[in-house]
Amino acid sequence: MNQLKIWLSVALFMLAIAARETVFADQPNVLWILTDDHRYDSIRAFNKMLHGREMSGLGYVESPHTDRLAKMGTTFINAYCQAQGCAPSRASMHYGRYPFRSGIYEFEYHNNNAEHCRPTLPESMAELGYQTTHFGKLGVRVKTIMGDGKWAAQHPIYQQSFYFKDLAKDGLCAWGKGWTTQINDVKFEKPFQNLEFFVTPEGEFEYCSLELEKLMPQFAGTAARTMEKYDLLRHYNPQKGKHIDSGMILAGVSSREAGKTRDGYYASIFVDFLRNKNRKFKVGSRDYVGVDTSKPLYCHIGFDFPHTPVLPPADFRERFQQHTYKVPSLDDKEMETMPKQLKQQVRHGYSDHFTDAEKQAMVQDYYAFCAYGDTLVGQAADAFIQYSESQQQAWTIVYVCGDHGWKLNDHGSVSKFTPWDVDSHNPIIVVSSDKQAFPANKVVTDFTEFVDIAPTILAAGGARLDDRQYEYLDGTDMAEMVSGRVPARDYVIGESHAVIGPRAFIRTKNYVFSMQTRPDKNRGKNMEWALNASYEELDPALYHMPSDPGELKNLAFSPEHQQVATVMKDKLMKIVLGDNRVEVDWGDNKALGTTVYRSNFAPGAHDRQLVLPR
């Protein structure tokens with residue numbers, strides 16, 4: 001009898017192993033690459049697909065590695081972000097939910113304790129048996145409430161994270177900024193919250209703070225020296241003038257060579273992670289664990305480029321300085337019809353007062369930085385494919401060109417935060433060893449949204465999206481779009497509250513309409529304000545893309561476009577305000593709020609169908 005039990009136990013164990021290996025075989029390794037503030041026109045392949053030319057309308061760009069990925073896989077060329085700010089956009093991707101369904105509209109810290117909250121993408125992948133690892137920038141500001149509701153702690157959503165601020169503390173970067181409590185042997189009574197520094201090739205820190213210079217005279221003159229040494233162009237207000245230790249760095253040269261920048265370390269550490277199979281390895285002062293070959297792998301690399309500071313390595317910078325660019329300019333006629341909220345962003349990032357030389361440097365260095373980042377994308381993708389194939393595992397790469405876009409004096413401004421195409425249009429490439437799901441050299445022109453990323457990766461990992469546990473997802477598996485099993489969308493939508501205040505948009509093939517959705521940011525109060533507001537109070541914008549691709553002339557008050565504007569306005573309001581809208585007062589940075597406010601006067605309004613009058 002005992003022998004029978006032993007044999008039965010062995011048989012069950014072998015069956016369990018066989019079952020696990022069968023599941024493993026159906027679960028590809030997944031690499032999700034995301035860049036930051038990345039204009040699509042920096043990619044030749046995208047320009048070719050959209051405009052029939054390789055170069056940007058502004059001038060020279062280069063992107064051989066991304067172009068190669070596009071040939072290897074399927075490009076979703078008309079993909080749009082849901083919010084034009086880093087944190088809300090990244091939240092929409094990691095949760096697979098629209099801002100008006102998650103309640104994350106801008107840079108607010110939030111918690112996972114509110115009743116409507118659901119797991120993030122990496123947490124769901126871990127439930128499917130994946131090892132989950134993150135490199136670089138994350139931007140999902142989630143906490144979890146502890147201590148009988150008295151405080152909220154950071155909530156790691158990846159099993160292991162090579163966090164960019166940890167790496168910067170060890171000097172594994174060329175530039176950094178963060179909280180500093182001590183320099184050398186001097187401890188500060190009040191910590192510096194955003195102390196900026198450069199790292200030399202020798203690993204020495206060069207600080208850039210006039211406040212620090214007053215406190216520690218040995219650093220006197222360092223801010224001015226970094227300004228000159230790295231040829232920095234900082235954003236400046238025409239009234240307040242220039243500052244040497246504040247303002248976004250829009251142009252300059254990296255203090256270190258290619259590969260030794262923040263992004264360079266993300267790529268090389270990722271390669272080291274794949275090489276150190278099933279063993280520990282050290283990065284800076286910290287110990288990490290290499291890839292676990294007993295599990296399928298899900299990795300996310302959050303590159304910083306080309307987010308400010310725009311500091312391309314010297315060799316890239318020199319090459320792009322040889323090119324002259326056609327810099328956009330602001331026309332007074334555009335300002336006459338521009339909505340108030342969008343004017344607010346233009347004022348916030350105003351750059352039309354820059355000199356011609358400053359504008360050229362800004363554009364040259366931005367595209368040089370994009371070209372440098374392109375080499376790192378290729379490095380990471382190649383290492384991932386090589387690892388997967390050496391392990392005889394299937395693989396999938398999801399490359400998202402920016403969490404949103406960026407203006408280079410478009411509309412007279414830099415930065416993002418608007419529904420304009422330059423801020424919201426971000427193509428996606430999916431490359432897979434499964435060429436049936438994502439064929440090589442295929443272009444999908446149907447609308448795609450960032451909320452589609454989570455269901456796509458989950459479905460690849462073996463999730464059954466029709467199961468009840470995934471019903472919260474707002475997006476669609478992009479493999480279903482490729483196969484034609486789901487109908488094409490008539491529109492894409494989004495809403496963001498950062499900088500310009502609450503504003504939502506709806507975009508069709510020919511038109512984009514946007515409007516103010518709330519009177520203020522008081523969550524849960526006056527949620528249906530827009531339903532009773534006058535048309536003028538909604539601060540509407542309507543652009544006709546075929547005749548006005550730069551979105552320069554607002555047609556919201558044009559008599560011949562009133563029918564189109566009305567239909568789009570009504571559809572947008574029903575969706576973002578009335579189809580299961582969620583708002584949460586998260587409690588500022590403490591993130592202790594869990595009360596959920598809902599508005600659901602038009603359930604099912606978001607049917608992805610919209611017929612406009614001709």
Student: Between the main-chain N or O of H323 and the side-chain N or O of Q364, is there a donor-acceptor pair closer than 3.5 Å?
Tutor: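 Yes; at least one donor-acceptor contact below 3.5 Å.
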
Student: Rounded at 0.5 Å granularity, tell me how far OG1 in T66 sits from CD1 in I43.
Tutor: 4.0 Å

Student: Is the shortest heavy-atom distance from the side chain of N426 to the side chain of D403 under 4.5 Å?
Tutor: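 Of all side-chain heavy-atom pairs linking D403 with N426, none is under 4.5 Å.
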
Student: For the backbone of V451 and the side chain of Q82, can you confirm whether one donor and one acceptor N or O come within less than 3.5 Å of each other?
Tutor: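 Yes; at least one donor-acceptor contact below 3.5 Å.
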
Student: Let me confirm one number: the OH-CD distance from Y98 to E495, rounded to the nearest 0.5 Å.
Tutor: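 Atom-to-atom, Y98:OH and E495:CD are 12.5 Å apart.
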
Student: Run the numbers on N409 and S351 for side-chain hydrogen bond (donor to acceptor under 3.5 Å, both in side chains), then give the verdict.
Tutor: CA-CA 6 Å; N409 208 55; S351 56; 2.6 Å; yes

Student: Answer yes or no: is there a side-chain heavy-atom contact under 4.5 Å between K359 and D352?
Tutor: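 Sidechains of D352 and K359: in contact.
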
Student: Going by the salt bridge (Lys or Arg N to Asp or Glu O under 4.0 Å) test, which pairs reach into residues 405-429, not counting sequence neighbours?
Tutor: D37-K416, R39-D410, K407-D423, D421-R507

Student: For a 4.5 angstrom cut-off between non-hydrogen side-chain atoms, does W420 reach Y543?
Tutor: yes

Student: Centre-to-centre under 6.0 Å for Y372 and F305, is that the case here?
Tutor: no

Student: What verdict does the side chain to side chain contact (heavy atoms under 4.5 Å, CB included) test give for F46 and I77, after you've listed the backbone C-alpha separation in whole Å, the side-chain angles of each residue and the deciding distance to 0.1 Å?
Tutor: CA-CA 7 Å; F46 299 161; I77 193 61; 3.8 Å; yes

Student: Between D41 and Y367, is a side-chain hydrogen bond (donor to acceptor under 3.5 Å, both in side chains) present by the stated rule, with each step listed?
Tutor: CA-CA 9 Å; D41 70 351; Y367 287 129; 3.0 Å; yes

Student: Under 6.0 Å between ring centres, would you say that holds for F135 and Y266?
Tutor: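 No - the distance between ring centres of F135 and Y266 does not fall below the 6.0 Å cut-off.
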
Student: Does a salt bridge link K137 with D304, judged by any charged N lying under 4.0 Å from a carboxylate O?
Tutor: no

Student: Partners of H38 by side-chain hydrogen bond (donor to acceptor under 3.5 Å, both in side chains), sequence neighbours excluded?
Tutor: T35, S42

Student: Walk me through whether E196 and D245 qualify under side chain to side chain contact (heavy atoms under 4.5 Å, CB included).
Tutor: CA-CA 8 Å; E196 187 178 83; D245 68 338; 6.0 Å; no

Student: Out of curiosity, L376 CG to T261 OG1, how far, rounded to the nearest 0.5 Å?
Tutor: 6.0 Å

Student: Between H411 and K343 (side chain of the first, backbone of the second, donor and acceptor by atom type, cut-off under 3.5 Å), is there such a pair?
Tutor: no

Student: Could I get the full list of side-chain hydrogen bond (donor to acceptor under 3.5 Å, both in side chains) partners for K509, not counting sequence neighbours?
Tutor: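 K509 satisfies side-chain hydrogen bond (donor to acceptor under 3.5 Å, both in side chains) with no residue once adjacent residues are dropped.
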
Student: Decide side chain to side chain contact (heavy atoms under 4.5 Å, CB included) for I385 and M72; before the verdict, give the C-alpha distance in whole Å, the side-chain angles of both, and the deciding distance to 0.1 Å.
Tutor: CA-CA 12 Å; I385 294 171; M72 293 170 61; 3.8 Å; yes

Student: Measure from NZ or CZ of R319 to the centre of the six-membered ring of F316 and say whether it is under 6.0 Å with the direction within 45° of the ring axis.
Tutor: yes

Student: Given the rule in the side chain to side chain contact (heavy atoms under 4.5 Å, CB included) test, do Y80 and V512 qualify, once you have shown the distances and angles that lead to the verdict?
Tutor: CA-CA 12 Å; Y80 284 82; V512 57; over 6 Å; no

Student: Does D452 reach the main-chain N or O of E449 with its side chain, forming a donor-acceptor pair under 3.5 Å?
Tutor: yes

Student: Any idea how Y207 and F197 line up, ring-wise: parallel (<30°), tilted (30 to 60°), or perpendicular (>60°)?
Tutor: perpendicular

Student: At their closest point, which heavy atom of P419 faces which heavy atom of E551, and how far apart are they?
Tutor: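 Shortest heavy-atom contact: O-OE2, 4.2 Å.
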
Student: How about K71: does its NZ atom have over 12 heavy atoms from other parts shown lying under 6.0 Å from it?
Tutor: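 At most 12 heavy atoms, drawn from other residues, nucleotides or ligands, come within 6.0 Å of this atom.
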
Student: Angle between ring planes, F281 versus F273, binned at 30° and 60°: parallel, tilted or perpendicular?
Tutor: tilted

Student: Taking D67 first and then K48, would you say they form a salt bridge - that is, a charged N and a carboxylate O separated by under 4.0 Å?
Tutor: no

Student: Considering residues, nucleotides and ligands other than K282, do more than 12 of their heavy atoms fall under 6.0 Å from its NZ?
Tutor: yes

Student: Atom CD in Q160, atom SG in C299: separation rounded to 0.5 Å?
Tutor: 9.0 Å

Student: What is the distance from atom NE2 of H94 to atom NE2 of H134, rounded to the nearest 0.5 Å?
Tutor: 6.5 Å

Student: For R68 and G378, work out which heavy atoms get closest and say how close.
Tutor: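 Residues R68 and G378, closest heavy atoms: NH2-CA, 4.0 Å.
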
Student: Tell me if the centroids of the rings in Y325 and Y60 come within less than 6.0 Å of each other.
Tutor: no

Student: Determine whether S63 and D374 satisfy the following criterion, side-chain hydrogen bond (donor to acceptor under 3.5 Å, both in side chains), listing intermediate values before the conclusion.
Tutor: CA-CA 6 Å; S63 52; D374 177 74; 5.1 Å; no

Student: Any sub-3.5 Å donor-acceptor pair from R141's side-chain atoms to F107's backbone N or O?
Tutor: yes

Student: Short question: side chain of T132, backbone of Y158 - any donor-acceptor pair under 3.5 Å?
Tutor: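 Judged by distance alone, no pair lies under 3.5 Å.
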
Student: Are K553 and D331 close enough, and set up right, to give a salt bridge (charged side-chain N to carboxylate O under 4.0 Å, His left out), and what steps lead you there?
Tutor: CA-CA 10 Å; K553 185 177 181 180; D331 191 327; over 6 Å; no

Student: Examine distances only and state if a side-chain atom of D548 and a backbone atom of H544 form a donor-acceptor pair shorter than 3.5 Å.
Tutor: no

Student: Just how far is it from atom CD of Q159 to atom OH of Y130, taken to the nearest 0.5 Å?
Tutor: 12.5 Å

Student: Do Y288 and N276 have side-chain heavy atoms sitting under 4.5 Å apart?
Tutor: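 When only atoms from C-beta onward are counted, N276 and Y288 do not touch, as no gap falls below 4.5 Å.
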
Student: With a 6.0 Å cut-off on the ring centroids, do F417 and H404 count as close?
Tutor: no

Student: Taking atom CD as the centre, does Q321 end up with more than 12 heavy-atom neighbours from other residues, nucleotides or ligands that are less than 6.0 angstrom away?
Tutor: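 Enclosed: over 12 neighbouring heavy atoms sit under 6.0 Å from CD of Q321.
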
Student: At their closest point, which heavy atom of T418 faces which heavy atom of L342, and how far apart are they?
Tutor: CB-CD2, 3.9 Å

Student: For V310 and L250, which heavy atoms make the closest approach, and how far apart are they?
Tutor: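 Taking V310 first and L250 second, the nearest heavy atoms are CB-O, 3.5 Å.
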
Student: Does the separation of the ring centres of Y265 and F164 fall below 6.0 angstrom?
Tutor: no

Student: Could you label the plane-to-plane angle of the F438 and F76 rings as parallel, tilted or perpendicular, counting under 30° as parallel and over 60° as perpendicular?
Tutor: perpendicular

Student: Could you check whether any side-chain N or O of T180 sits under 3.5 Å from a backbone N or O of F192, counting only pairs where one atom can act as donor and the other as acceptor?
Tutor: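 No, T180 side chain to F192 backbone: no donor-acceptor pair under 3.5 Å.
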
Student: Can you give me the closest heavy-atom contact between H243 and G241, atom names plus distance?
Tutor: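 Taking every non-hydrogen atom into account, CD2-O, 3.7 Å.
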
Student: What are the two closest heavy atoms between G412 and L330, and how far apart are they?
Tutor: CA-CB, 3.8 Å

Student: Check the side chains of T200 and E206 for a donor-acceptor pair under 3.5 angstrom, ignoring hydrogens and angles.
Tutor: no

Student: Could you check whether any side-chain N or O of E204 sits under 3.5 Å from a backbone N or O of V199, counting only pairs where one atom can act as donor and the other as acceptor?
Tutor: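 Such a contact is absent between E204 side chain and V199 backbone.
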
Student: N29 side chain to W395 main-chain N or O, any donor-acceptor pair under 3.5 Å?
Tutor: no

Student: I'd like to know whether CG of N194 has more than 12 heavy-atom contacts from other residues, nucleotides or ligands below 6.0 angstrom.
Tutor: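 Check passes, neighbour count above 12.
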
Student: Any carboxylate oxygen within less than 4.0 angstrom of a Lys/Arg side-chain nitrogen, looking at D36 and R90?
Tutor: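 Here D36 pairs with R90 in a salt bridge, since their nearest N and O are under 4.0 Å apart.
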
Student: Would you please indicate if the ring centroids of F447 and Y491 are separated by under 6.0 Å?
Tutor: no

